[in-house]
Amino acid sequence: MQAYLARQFHAALAALDAPDDFDASAVAIEFETPGNPEHGDLATNVALQLARPLRRAPRQIAEALVEHLALDPKRVAGVEIAGPGFINIRFAPTYLADGIAEILSTGEAYGRTEAGAGKTALVEYVSANPTGPLTVGHGRNAVLGDTIANLLDWTGYAVTREYYFNDAGRQMRILGESVRARVEALAQPDAPTKTLDDGTVVPESFPDDGYRGDYIVEIAQAILDEHGPGILAVEGAEPFKEAAEKAIFADIERTLERLGIRMDAFFNEHSLYASNAVWDVVEHLREKNLAYDKDGAVWFATGQLGKTRTDSEGERAVDTVLVKSSGEPTYRLPDIAYHLDKLGRGFDKVVDVFGADHIATYPDVVLGVEALGGDASKIDVLIYQFVTLVRGGQPVKMSTRKATYVTLDELMDEVTEDVTRFFFLMRSPNTHLEFDLDLAKEASDKNPVFYLQYAHARICSIIRKAEDVGLTLGNEADLSLLTNESELGLMKELLRLPSEIALAAETMGPHKLATYLREVATAFNQFYRDSPIIGADHEALGRARLHLAKAAQLVLRNGLTVLGISAPEQM
RNA sequence: GCGCCUGUAGCUCAGCUGGAUAGAGCAGCGGUCUUCUAAACCGCAGGUCGCAGGUUCGAGUCCUGCCGGGCGCGCCA
């Protein structure tokens, strides 16, 4: 509809008297659904926008435009000029009826659009190193990333979901040492112990900054059960690290599976070393005189590329270390190599999902990618703010080091998978998320996810009951019988799904879809109140309403599917 | 100190990239079940959009400066 209107408006625009330097085809004509229904179904402010370039009064422009418009009466029932120069469009009832028929025939594909058709996208998310179970913090990342991937899929992209990890760093070494220490203790219960700063009693060989969670002990026990104490004859912690990594990854995948998340690829940072990609980055930067040696380290001349820092000494250019004097790369280097790798695989769009604490790393990566000829404009970064769990009105304190975090599994055990996903999605990514456990647990009207699911279940129930009295779905419904306010309101709402999904995808704002679905559910509940199906005045009307209910069911189900939330048939 | 995010109803948050009278849920008050799921619907009440300037036909939205909250600012990731 909007595309159609834009075409017609462009045609009308071309017919206007205008100065020579005015390019009518370059004008972006946008339509929005006004908040006030008296202002029609769609409105555009082109006339106001054009007042300046055309040097004419907005209302005058609007009148001239409307005069030149040739709109199909089957789609548009009326056009009026209002306020300072808005042009309001009113849908024709036949347009609405045709739209509902289209929803019914499109079925579970309704809501899909083509903006990304023929294009590929890579969404990288979760990307937690295998040092422990996923926590609530990872949950927001996982659910946001997965839903962005769904949204891109629904706008036509061929999407790859990738998990990036590093199993070689310091953290992983400590993990191995932690596990080894626990195995030793289990094998020799009388071995000496020590007490850490937080009061935890651990084996003497346990690293001070080791992983204290109970899962370490479980992994240790499993290793001992499988290999016996003989495994301790091995030098170092490598086999313990490997066993732990395997167990933890299996656990992470189980957790993701519960959330309905299945990755297409796991990308090990190690492969960037194996392929020499990491060192190629350094070499190529050197060739371009953007990398140099100083103080035993290798530096990236980000200062030349515009990176600055401002402190008490004023603003100055700063360079960035790529390889430490120890010979170990900093995290930036593999990150640059990884992004070049992603772009090199030919994706048209590359999405990163980062927590707010990583925001500072992103500009260095972009500089590196651009310096080496990569097209950084293909990279989109979704930054999300942190999650606060609230219980009994009080924030729940969490610390990874001391293992006092709440795991994603525990959260799902407490409030269910659907609620977990919805709560992570219902707010804009760039606001702090307050996850109220008491509210989330309540299976009542206080919990917004149930509102959507309830509306869907209600429709399923109606369809079942209608079948019992011989009222069934088919192609013979006369949708033009749907004329009351609630029916028209619901129809208009249902027609918005494709553009709402497209908008949520474009702006990487899944919460917009959640907000829209609530409006759909509200519109349905109003329809339910006003328009009985089984008790309709006559059968044809009941049949038409039944079809509208079916269309609402599809919209809710498809929308929930994009969000990764179940659409129950009964509650 | 500097950078990014943020400040909208008692609480949690939307606000479609600058539009018309700023919205929703919860909490509060009051109504609606002999009829398709009351996990619902309807109504009332609730606001200096942090503060002060600016930009323009028009600002919650853009700019500047303050104030408050969060996250960063390493040869950690």
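Note on naming: letters A, B, ... go to the chains in the order of the sequence lines (proteins, then strands), and numbering restarts at 1 for each one. Side chains included, hydrogens not; waters and symmetry mates left out as well; all remaining heavy atoms used.
For RNA chain B, the neighbouring residues in residues 425-432 of chain A, judged by any heavy atom under 4.0 Å, are A:R427, A:S428, A:N430, A:T431, A:H432. Against RNA chain B, the stretch residues 487-499 of chain A makes no heavy-atom approach under 4.0 Å.
Residue A:L48 is in base contact, counting any heavy-atom pair closer than 4.0 Å across all strands shown. Contacts of A:Q526 with the nucleic acid, taken as non-hydrogen atoms under 4.0 Å apart, involve only primed sugar atoms and P, OP1 or OP2. Residue A:S486 is classed as having no contact, given no heavy-atom separation below 4.0 Å to the nucleic acid. Within the nucleic acid shown, A:A43 comes within 4.0 Å of at least one base atom, counting heavy atoms only. Across all strands shown, A:N88 has heavy atoms under 4.0 Å from base atoms, whether or not it also approaches the sugar-phosphate. A:A549 comes within 4.0 angstrom of nothing in the nucleic acid, heavy atoms only.
Closest approach to the A:I462 side chain among B:rA20, B:rG15, B:rU37 is made by B:rU37 (side chain taken as heavy atoms from C-beta onward). Considering only side-chain atoms of A:Q49, the nucleotide from B:rA38, B:rG19, B:rA20 that sits closest is B:rG19. With distances taken from any side-chain atom of A:R518 to the nucleotides B:rC16, B:rG25, B:rA14, the minimum falls on B:rG25. Side-chain proximity of A:P532 to the nucleotides B:rC42, B:rC36, B:rU21 is greatest for B:rC36.
A cation-pi arrangement is absent between A:R332 and A:F300, since the terminal nitrogen or guanidinium carbon is not both under 6.0 Å from the aromatic centre and inside a 45° cone about the axis. Relative to the six-membered ring of A:Y451, A:R518 meets both conditions, a distance below 6.0 Å and an angle of at most 45° to the axis.
The aromatic rings of A:F524 and A:F527 lie tilted to each other, with the angle between the two planes from 30° to 60°.
Taking atom C1' in both B:rC49 and B:rU21, the straight-line distance is 15 Å, to the nearest Å. Rounded to whole Å, the P atom of B:rG30 lies 34 Å from the corresponding atom of B:rC51. When the P atom is compared between B:rU61 and B:rG50, the two are found 8 Å apart, to the nearest whole Å. On the C1' atoms, B:rA9 is 12 Å away from B:rG25, given to the nearest whole Å. For the P atom pair drawn from B:rG53 and B:rG1, the interatomic distance equals 25 Å after rounding to whole Å. Look at the C1' atom in both B:rU32 and B:rA38: the space between them is 9 Å, to the nearest Å. With both ends at atom C1', the span from B:rG72 to B:rC66 equals 22 Å, rounded to whole Å. B:rU35 and B:rA40: their C1' atoms are spaced 16 Å apart (whole Å).
Rounded to whole Å, the distance from CD1 on A:I534 to C1' on B:rU34 is 16 Å. Computed from coordinates, the A:N447 CG to B:rU12 C1' distance equals 13 Å when rounded to whole Å. Computed from coordinates, the A:L382 CG to B:rC4 C1' distance equals 14 Å when rounded to whole Å. Going from atom CG of A:L517 over to atom P of B:rC13 covers 20 Å, rounded to whole Å. In this structure, A:E32 places its CD atom 7 Å from C1' of B:rG19, rounding to the nearest Å. Across the protein-nucleic acid pair, A:K512 atom NZ and B:rA14 atom C1' stand 10 Å apart, rounded to whole Å. A:E434 places its CD atom 5 Å from the P atom of B:rC13, with the value rounded to the nearest Å. In this structure, A:F527 places its CZ atom 18 Å from C1' of B:rC42, rounding to the nearest Å.
Considering only residues two or more places apart in sequence or on other chains, A:D380 meets the salt bridge (charged side-chain N to carboxylate O under 4.0 Å, His left out) condition with A:K349.
The aromatic ring of A:Y454 does not stack onto the base of B:rA40, failing the criterion of a centre distance under 5.5 Å from the six-membered base ring together with planes under 30° apart. The aromatic ring of A:H511 does not stack onto the base of B:rA14, failing the criterion of a centre distance under 5.5 Å from the six-membered base ring together with planes under 30° apart.
Pairing each heavy atom of A:I29 with each of A:T44, the nearest pair is CG2-OG1, 3.9 Å. Shortest non-hydrogen contact noted between A:T472 and A:L546 is C-CD2, 3.8 Å. Of all heavy-atom pairs spanning A:P130 and A:N166, the tightest one is CD-O, 4.2 Å.
Under the side-chain hydrogen bond (donor to acceptor under 3.5 Å, both in side chains) criterion, the residue pairs touching residues 32-41 of chain A are A:D41-A:K492, with sequence neighbours excluded.
The side chain of A:Q385 places no N or O atom within less than 4.0 Å of a non-bridging phosphate oxygen (OP1 or OP2) of B:rG69. Between A:K465 and B:rU37, a side-chain N or O to OP1/OP2 separation shorter than 4.0 Å is present. Side-chain nitrogen and oxygen atoms of A:Y362 include none within less than 4.0 Å of the OP1 or OP2 phosphate oxygen of B:rC71.
Nucleotide B:rC36 carries an anti base; the chi torsion (O4'-C1'-N9-C4 or O4'-C1'-N1-C2) is more than 90° from 0. Shown here, B:rU17 is classed syn by the O4'-C1'-N9-C4 or O4'-C1'-N1-C2 angle, which is within 90° of 0.
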* Check the pair A:Y292, A:D319 against side-chain hydrogen bond (donor to acceptor under 3.5 Å, both in side chains), reporting the backbone distance first and the verdict last. => CA-CA 10 Å; A:Y292 61 90; A:D319 291 346; 2.5 Å; yes
* For side chain to side chain contact (heavy atoms under 4.5 Å, CB included), just list the numbers for A:Q385 and A:T431, CA-CA rounded to whole Å, side-chain angles, deciding distance to a tenth of an Å, and then say yes or no. => CA-CA 6 Å; A:Q385 303 292 322; A:T431 69; 5.7 Å; no
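Formation of a donor-acceptor pair under 3.5 Å by the A:T147 side chain with backbone atoms of A:V562 is not found in this model. With A:S461 contributing its side chain and A:A457 its backbone, the two residues share no donor-acceptor pair below 3.5 Å.
Taking a pair as Watson-Crick or G-U wobble with both distances under 3.5 Å, RNA chain B forms stems of 3 or more consecutive pairs at B:1-7 with B:67-73, B:10-13 with B:23-26, B:28-32 with B:40-44, B:50-54 with B:62-66.
Side-chain atoms of A:N525 stay outside donor-acceptor range of the base of B:rA38, with no qualifying N/O pair under 3.5 Å.
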* Quick one, give me the B/S/- string for nucleotides 72-77 of chain B, reading 5' to 3', where B means a protein heavy atom under 4.0 Å from the base and S means that only happens at the primed atoms, P, OP1 or OP2. => SS-BSB
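Each of A:L548, A:L556, A:L554 was scored for a side chain to side chain contact (heavy atoms under 4.5 Å, CB included) with A:L494, with one residue passing: A:L548. Each of A:Y125, A:F249, A:F267 was evaluated against A:F165; a single residue qualifies, A:F249, per the ring pair (Phe, Tyr, Trp, His ring centres under 6.0 Å) test.
By the 6.0 Å contact criterion, CD on A:E485 is open, its count of non-hydrogen atoms from other residues, nucleotides or ligands being 12 or less. No more than 12 heavy atoms of other residues, nucleotides or ligands shown are found within 6.0 angstrom of CZ on A:R170. Summarising the local packing, CD of A:E539 is surrounded by 12 or fewer heavy atoms from other residues, nucleotides or ligands at distances under 6.0 Å.
A salt bridge links A:E414 with A:K441: the closest approach of a Lys/Arg side-chain nitrogen to an acidic carboxylate oxygen falls below 4.0 angstrom.
The 5' end of RNA chain B is approached more closely, in terms of each residue's nearest nucleotide, by A:L433 than by the other of A:L433 and A:L503.
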